[in-house]
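These notes are about the structure you will find just below.
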Amino acid sequence: MEENKKYEDVYAELERLVAAIEDPKRDLSTIGEDVKKAMEHIRWCRDYIRGSQTQVEQLMKENDDE
């Protein structure tokens with residue numbers, strides 16, 4: 001996945017994939033690829049959130065040290 005993606009864009013694509021996966025009219029032979037992409041997006045979002053949390057914690061620590 002591209003490094004310069006925005007969280008909102010990745011999350012929107014994840015929502016689109018989930019909707020497509022849940023579509024009862026969906027051809028079952030193509031769901032596997034969308035599930036794989038969705039899992040990649042979930043990992044990316046999780047890593048992004050963890051990174052943001054680390055940044056916030058660091059800023060708070062720096063503020064406490066002042």
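- Between A38 and I21, the shortest heavy-atom distance links the atoms CB-CD1, 4.4 Å.
- Taking both residues in full, the closest heavy atoms of D34 and A20 are given as OD2-CB, 4.2 Å, listed atom of the first, atom of the second, then distance.
- No side-chain heavy atom of W44 sits less than 4.5 Å from a side-chain heavy atom of L14.
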**Asked** Passes side-chain contact (heavy atoms from CB on, under 4.5 Å), Y7 versus I49? Steps please.
**Response** CA-CA 9 Å; Y7 177 84; I49 291 169; 3.7 Å; yes
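- The line from CD of E57 to OG of S52 is 11.0 Å long, rounded to the nearest 0.5 Å.
- Of the inter-residue distances, the one linking E40 atom CD with C45 atom SG reads 12.0 Å to the nearest 0.5 angstrom.
- Judged as a side chain to side chain donor-acceptor pair (under 3.5 Å), and not counting sequence neighbours, the contacts of T30 are R26.
- The closest side-chain heavy-atom distance from E15 to V18 is not below 4.5 Å.
- Scored by the side chain to side chain donor-acceptor pair (under 3.5 Å) test, Q58 finds E62 as partners (sequence neighbours excluded).
- Put simply, CG on L59 and OG1 on T54 are 11.0 Å apart, with the number rounded to the nearest 0.5 Å.
- Proximity of E13 to L17: side-chain heavy atoms (C-beta onward) are separated by under 4.5 Å at one or more points.
- With values rounded to the nearest 0.5 angstrom, R50 atom CZ is found 15.0 Å from Q55 atom CD.
- Between the CD1 atom of I42 and the OH atom of Y11 there is a distance of 9.5 Å, given to the nearest 0.5 Å.
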